[in-house]
Number of protein chains: 2
Amino acid sequence: MGEKKQQFREFLSRQGLKSTRQREIILDEFLRGDSHLSTEDLYLKLRKKNPGIGYATVYRTLKLFSECGIAEVRNFGDGQTRYESTTCEEHHDHLICKACGAIIEFEDPRIEELQEQVAKDHGFAIVSHRLEIFGHCAKCLYK
Amino acid sequence: MGEKKQQFREFLSRQGLKSTRQREIILDEFLRGDSHLSTEDLYLKLRKKNPGIGYATVYRTLKLFSECGIAEVRNFGDGQTRYESTTCEEHHDHLICKACGAIIEFEDPRIEELQEQVAKDHGFAIVSHRLEIFGHCAKCLYK
DNA sequence: CCATCAATTGAAATTGGTTTTCAATTTAAC
DNA sequence: GTTAAATTGAAAACCAATTTCAATTGATGG
């Protein structure tokens, strides 16, 4: 995870921004935690150990993470913005259980490939995409 | 489009709701307009001909449309909720231009098929899905 | 046709997530 | 250290969406 911290520090200095105690704390907690954290979730976790940290700072810092490329913004339709730590792995998509809220990651290069084809057919250049499948997970189906 | 109006009327009476002047007006405008209208867009269009119609009524009525099945909710990440008139056609997905905001529909049964496979592999039962590809459309690429 | 009563409406207030403001504080550079 | 610019936290502002509420309208049964 050290490389992520490095990446963030470089981003800050490149942008003429400052490295602060709060930003370090938030980054540590962000990298430690589950992925698919909502801003609220992260804020609450942070508050336990660091009562002083403000709501606004968490929002601002998460936004920096996504600008810097160490986090990606997700939006699953429950008016909460979520940030997911970017991995070095392949891009992945999500299965989302409507019953229990579970979020399952998957990746399928064949789907990606077909997307490229579709885009090409429309003279469209892909920058990013998202695929979300909503339904019921195995656990919820059998109880 | 008469069948959509029929469908809505039946929905209303089934639910013990009433058919009103406003609901008729909003439905007419909704069916006439472009798809992918934001609530705001529709409200503004309506105001031109019907100054009396309230914001809340448009919100409430669009929600009814989606409950009734004649509209689908879309969310493209610009904090605006959009409603799309459901067609009898196949499910479709979207290419969204980050430069000009153009929304291009497409459908690809091969992608749908692969999604089914992925879900099956995870013991997951699909209820719905959405696939959005962001990038730059042909027009914006060549200017 | 009309009385009745529940549903609907529009305006305004409220909500909930997010962003901005601002004075005080902290950081990086000199 | 001094200094200038960035950052912080609390509170206020924001904005789409929802809810409240009194007045109005639509459907139903007499």
Side-chain angles (χ1 to χ4, degrees), chain A residues 5 8-30 36-68 71-83, chain B residues 5 8-30 36-68 71-83:
Chain A
K5 299 181 79 166
F8 186 52
R9 284 206 199 89
E10 280 166 18
F11 169 81
L12 289 177
S13 86
R14 200 164 52 242
Q15 304 279 320
L17 305 177
K18 291 172 179 171
S19 176
T20 67
R21 194 177 57 83
Q22 288 89 337
R23 286 176 179 165
E24 289 290 326
I25 291 173
I26 295 172
L27 180 53
D28 280 342
E29 191 61 48
F30 176 70
H36 312 115
L37 276 167
S38 71
T39 312
E40 175 83 14
D41 291 340
L42 186 57
Y43 172 70
L44 292 175
K45 284 181 91 174
L46 282 164
R47 285 300 290 237
K48 287 188 186 162
K49 298 177 194 166
N50 312 82
I53 276 185
Y55 223 98
T57 303
V58 179
Y59 272 97
R60 287 187 279 232
T61 306
L62 282 171
K63 198 173 244 181
L64 286 178
F65 291 172
S66 84
E67 285 165 23
C68 150
E72 267 179 74
V73 183
R74 303 274 176 204
N75 227 297
F76 293 143
D78 60 345
Q80 295 247 130
T81 301
R82 288 165 197 282
Y83 288 85
Chain B
K5 300 181 76 166
F8 186 52
R9 285 206 199 89
E10 279 166 19
F11 169 81
L12 289 178
S13 86
R14 200 164 51 240
Q15 303 280 318
L17 305 178
K18 290 173 181 171
S19 177
T20 67
R21 194 177 56 82
Q22 289 90 336
R23 286 178 178 163
E24 289 289 326
I25 292 173
I26 295 173
L27 180 53
D28 281 341
E29 191 61 48
F30 176 70
H36 311 116
L37 276 165
S38 71
T39 312
E40 174 83 14
D41 291 341
L42 186 57
Y43 172 69
L44 291 176
K45 284 180 92 175
L46 282 164
R47 284 302 288 236
K48 287 186 187 163
K49 297 178 194 166
N50 311 83
I53 276 185
Y55 223 97
T57 303
V58 179
Y59 273 96
R60 287 187 279 232
T61 305
L62 282 172
K63 199 171 242 181
L64 286 178
F65 291 172
S66 85
E67 285 164 23
C68 150
E72 266 180 74
V73 182
R74 303 274 177 203
N75 227 298
F76 292 142
D78 60 344
Q80 295 249 127
T81 301
R82 288 164 197 284
Y83 287 86

Discussion item. Ring-plane angle category for A:F30 and A:F65, please: parallel below 30°, perpendicular beyond 60°, tilted otherwise.
Written reply: tilted
Practice prompt. Using a 4.5 Å cut-off on heavy atoms from C-beta on, say whether the side chain of A:V73 contacts that of A:K63.
Written response: no
Give each protein N/O atom lying under 3.5 Å from an N/O atom of nucleotides 3-6 of chain C, with the pair distance.
| from | atom 1 | to | atom 2 | distance (Å) |
| --- | --- | --- | --- | --- |
| C:dA6 | N3 | B:K18 | NZ | 2.8 |

Item to complete: Could you tell me which non-hydrogen atom of B:E24 sits nearest to which non-hydrogen atom of B:K5, and how far apart they are?
Response: OE1-CE, 3.8 Å
Discussion item. Quick check against the 3.5 Å criterion: does A:R82 have a side-chain atom that pairs as donor or acceptor with the backbone of A:R74?
Written reply: no
Fill in: Taking every non-hydrogen atom, the tightest pair across A:R23 and A:L12
NH1-CD2, 3.9 Å
Fill in: Summary of protein contacts for nucleotides 13-22 of chain C, nucleotide by nucleotide, where a base hit scores B, a sugar-phosphate-only hit scores S (4.0 Å, heavy atoms)
----SBBBB-
Fill in: Interatomic distance where CD1 belongs to B:I25 and P belongs to D:dT25 [whole Å]
13 Å
Discussion item. Given A:T61, which partner from the list A:I53, A:I26, A:T39 fulfils the side chain to side chain contact (heavy atoms under 4.5 Å, CB included) test?
Written reply: A:I26
Worksheet entry | Global bending angle along the helix from C:dC1-D:dG30 to C:dC30-D:dG1, which compares the axes of five pairs at either end, to 10 degrees | 30°
Worksheet, complete the sentence: Taken to the nearest whole Å, CG/B:N50 to P/C:dT8 is 19 Å
Worksheet entry | 5′-ward residue of the pair B:L17/A:L17 relative to DNA chain D | A:L17
Discussion item. Using 0.5 Å steps for rounding, measure from the CD1 atom of B:I25 to the NZ atom of B:K49.
Written reply: 10.0 Å
Worksheet item: Taking atom P of C:dT25 as reference, at what distance in whole Å does atom CD1 of A:I53 sit?
Response: 18 Å
Worksheet item: Between B:R23 and C:dT9, is there a side-chain N or O to OP1/OP2 distance below 4.0 Å?
Response: yes
Fill in: Protein-nucleotide distance (B:L44, atom CG; D:dA16, atom C1'), rounded to Å
13 Å
Worksheet item: Hey, what do you get for OG1 (A:T57) to CG (A:L64), rounding to the nearest 0.5 Å?
Response: 10.5 Å
Item to complete: Using whole Å, report how far CG of B:L64 lies from C1' of D:dT18.
Response: 14 Å
Worksheet item: Rounded to the nearest Å, what distance is computed from the CD atom of residue B:E24 to the P atom of nucleotide C:dT9?
Response: 11 Å
Item to complete: For C:dA7, take OP1 and OP2 only and decide whether either is under 4.0 Å from a side-chain N or O of B:T20.
Response: no
Item to complete: With salt bridge (Lys or Arg N to Asp or Glu O under 4.0 Å) as the test, would you mind laying out the steps for A:E29 and A:R47 before giving the verdict?
Response: CA-CA 11 Å; A:E29 191 61 48; A:R47 285 300 290 237; over 6 Å; no
Worksheet item: How close or far is atom P of D:dT7 from atom CZ of A:F8, stated in whole angstroms?
Response: 9 Å
Item to complete: Identify the two heavy atoms, one from A:Y83 and one from A:L62, that lie closest to each other, and give their separation to 0.1 Å.
Response: CE2-O, 3.5 Å
Worksheet item: At under 4.0 Å, does any side-chain N or O of A:Q22 touch on OP1 or OP2 of C:dT26?
Response: no
